Amino acid sequence: MRFAHSFGPCLAVCTGLLTLWAAAGWAAHAAAQPAAAVAPAESPAQKAERMKWWLDARFGMFIHWGPVSLKGTEIGWSRGREVPIAVYDNLYKEFNPEKFDAREYVALAKEAGMKYITLTAKHHDGFSMFATRLSDYNIMNTPFKRDIARELADECRRQGLKFCTYYSIIDWYHPDYLPRGAGDQRPAKDADFERYCAFMKGQLRELVENYHPAVLWFDGEWEDHWTVERGRDIYAMLRRLDPNLIINNRIGKKRAFGQGGMTPPESTVGDFGTPEQETGRFYGDRITYWESNMTICQQWAWKPNDRLKSLKECVDLLVTNAGYDGNFMLNVGPMPDGRIEPRQVERLREIGRWVKQCGESIYGTRGGPFKPAKWGVSTCKDNTIYVHVLRWPGDDPVVLPGVGKKVLSGRLLTGGTVEVKQGEQEIVLRIPSASRQELDTVIELRLDGSAMDIPPK
Ligand code: H79
């Protein structure tokens, strides 16, 4: 397998440096390493502007896909475990997902109410799902020979969704990546991690320049050779290539506050937190950006007969994340024939039916002002609070803390009747059993002032 970076780009850089040295008459010991890039300066207001579409979107689709779907094992850790390396690394020769139709994928995501799609452009296994010129181990060298990233990117643009790419720092296939993956016998002494970083930067440049992703979603930052300095350098390089690009926190090294939050900017890198297979936390500060990523089944990559989450679980997760003030990215793992499993398609359509009725209580909202409670969560936008009752407290009414503003009206987005009584210290919502929904009962409360400046209650 060929890795072009070992020759072309490196030679060009070296020649350039030599010319510079000669011209400036620099001493031979001058640093051969290029200086680390610095990100463009940005105020919190400018960041808010850059993050706006993403924050308003609240709901996206994650796609974990690659030749490993032929085996039905996990993309992130079956190489060298359930599937021997020699077998795994040759699966691409049989990868021919002929039934793939980007138009159907994007239409499905749209129907589900998702506003962006994030494709695994390259996962830990090192296989590129895009037409890279820097490695032969890519989609164009499969029997399929079609650029899946290209087709999805184009179709997203056509149908008005944002196209985003996942890119793992880990690359167990590349000869220069360290540490070696499970079961890999190649000696480490031949590897040059610096050279791997050059390759990675080259691929990232290809992605940004040729596919224009709206988000670059990094992963795999926890392995030994990755450092926060390398992360800062790549973050800066990418933001210089595309000032509007949004980049997750896994380009850095630390993910503090569990996975949900962000460490202070001086010790971390990236624009948003990435709690994995869990919801984030309710910080109530309206400046902590995060997105929970979860699977519609159990595995990231497709697995036959994997347990599928119920509609209740899916809606609960979308609503809970929104109520905790976070985004939600729900993952599907397409099958080796190119289709998304019909039962997953059906689930996404069901989610879409709920979103059609209640989407205004999700899009463009922020979590709160009520802190997550036993009964559920709340979201807000302008003068409106949306109360999401996800679990009924027996026959009792839902009792909310006072908000210091007058409630002008109450209405159920999900149909039926609600009685709203506002006292000095509390708001009491009485909903007859006929108006109570299993998925989520959404009560819209209109206030006589902004709901956005009410501190978390
Ligand atoms: O892309 C998805 C995952 O493949 C990736 N992140 C999300 C977005 C991811 N890669 N690794 N991990 C998440 C964590 C891996 C945990 C592991 Fe294990 C510990 C892998 C092997 C040991 C847990 C325990 C899974 C298998 C055994």
Side-chain angles (χ1 to χ4, degrees), residues 60-102 104-105 108-109 112 114 117-129 137 139 142-144 148-149 152 165-168 170 172-173 181-183 217 219-220 274-279 292-318 328-351:
M61 174 186 272
F62 218 166
I63 301 179
H64 274 65
W65 200 18
V68 68
S69 59
L70 286 159
K71 284 285 174 200
T73 58
E74 189 56 289
I75 193 167
W77 48 81
S78 69
R79 183 182 182 270
R81 295 173 198 258
E82 293 95 316
V83 186
I85 291 177
V87 174
Y88 194 109
D89 290 358
N90 285 296
L91 289 171
Y92 76 99
K93 294 176 183 164
E94 296 155 48
F95 188 51
N96 194 12
E98 281 177 315
K99 293 185 176 153
F100 171 67
D101 182 342
E104 280 178 15
Y105 275 49
L108 177 63
M114 294 153 158
I117 294 180
T118 308
L119 171 72
T120 48
K122 192 199 78 173
H123 208 280
H124 314 336
D125 63 12
F127 182 78
S128 296
M129 291 284 276
Y137 191 44
I139 191 68
T142 64
F144 193 52
I148 288 174
L152 276 173
T165 49
Y166 165 106
Y167 188 94
S168 181
I170 295 174
W172 290 318
Y173 188 90
W217 210 104
D219 201 7
T274 50
E276 178 168 333
Q277 299 287 34
E278 60 179 357
T279 55
S292 156
N293 57 93
M294 296 185 79
T295 48
I296 197 165
C297 289
Q298 307 303 297
Q299 203 171 264
W300 291 99
W302 179 68
K303 177 180 170 183
N305 304 312
D306 203 3
R307 193 189 83 80
L308 178 67
K309 288 188 174 67
S310 67
L311 177 60
K312 170 71 181 165
E313 285 174 281
C314 293
V315 169
D316 214 285
L317 287 167
L318 171 61
F328 180 48
M329 187 154 64
L330 183 59
N331 177 75
V332 295
M335 299 190 289
D337 70 2
R339 291 174 305 148
I340 298 174
E341 222 181 35
R343 64 193 180 122
Q344 297 186 22
V345 171
E346 185 46 35
R347 184 67 79 247
L348 292 171
R349 293 206 169 119
E350 288 171 341
I351 297 170

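The basis for the numbers below is simple: all heavy atoms, side chains too, and nothing from hydrogens, waters or symmetry mates. Source: prediction; values computed, not measured.
Between Leu152 and Ile63, the shortest heavy-atom distance links the atoms CD1-CD1, 4.2 Å. Gly333 and Gln344 get closest at one heavy-atom pair: N-OE1, 3.9 Å. Gly72 and Gln299 make their closest contact through O-NE2, 3.1 Å (heavy atoms, listed as atom of the first residue, atom of the second, distance). Of all non-hydrogen atoms in Ser78 and Glu74, the two that sit nearest each other are OG-O, 2.7 Å. What you find for Pro143 and Lys93 is that their closest heavy atoms are CG-O, 3.2 Å. Considering all non-hydrogen atoms of both residues, Asn90 and Ala86 come closest at ND2-O, 2.6 Å.
Remark: Arg347 CZ to Leu311 CG distance equals 6.0 Å, nearest 0.5 Å. Annotation: the span from Trp302 atom CH2 to Leu70 atom CG amounts to 9.5 Å, rounded to 0.5 Å. For the atom pair CD1 (Ile340) and CE (Met335), the distance works out to 9.0 Å, reported to the nearest 0.5 Å. To the nearest 0.5 angstrom, Leu348 atom CG is 11.0 Å from Glu341 atom CD. Atom CG of Leu318 is separated from atom CG of Leu330 by 9.0 Å, given to the nearest 0.5 angstrom. Expressed to the nearest 0.5 Å, how far CD of Gln298 lies from CG of Asn305 amounts to 12.5 Å.
Here the side chains of Phe95 and Trp65 are in contact, with some heavy-atom distance below 4.5 Å. Contact check for Asp306 versus Thr295: no side-chain heavy atoms found under the 4.5 Å cut-off. Using a 4.5 Å cut-off on side-chain heavy atoms (C-beta onward), Arg79 and Ile85 make contact. A 4.5 Å side-chain heavy-atom check between Met114 and Ile351 finds every atom pair outside the cut-off. Residues Leu308 and Cys297 form a side-chain contact, since some pair of their non-hydrogen atoms from C-beta on lies under 4.5 Å apart. For the pair Phe100 and Tyr105, the minimum side-chain heavy-atom distance is below 4.5 Å. Proximity of Arg349 to Leu108: side-chain heavy atoms (C-beta onward) are separated by under 4.5 Å at one or more points. Here the side chains of Lys309 and Leu317 are in contact, with some heavy-atom distance below 4.5 Å.
When atom types are taken as modelled, the side chain of Asn293 and the backbone of Pro275 share a donor-acceptor pair closer than 3.5 angstrom. Without hydrogens or angle criteria, Asn331 side chain to Trp300 main chain gives a donor-acceptor distance under 3.5 Å. Using a distance-only test at 3.5 Å, with no hydrogens or angles considered, a donor-acceptor pair links the side chain of Ser292 to the main chain of Glu278.
No hydrogens or angles considered: nothing links the side chains of Asp89 and Tyr173 as a donor-acceptor pair under 3.5 Å. Side-chain N/O atoms of His64 and Thr120 include no donor and acceptor closer than 3.5 Å.
The pair Arg343-Glu346 fails the salt-bridge criterion, with no side-chain N (NZ, NE, NH1 or NH2) lying under 4.0 Å from an Asp/Glu carboxylate O.
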TODO: Using the side-chain contact (heavy atoms from CB on, under 4.5 Å) rule, take Arg81 and Thr73 through it: C-alpha gap first, then chi angles, then the decisive distance, then the call.
DONE: CA-CA 10 Å; Arg81 295 173 198 258; Thr73 58; over 6 Å; no
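When each of Tyr166, Trp217, Trp172 is paired with His123, the ring pair (Phe, Tyr, Trp, His ring centres under 6.0 Å) condition holds for Tyr166 and for no other.
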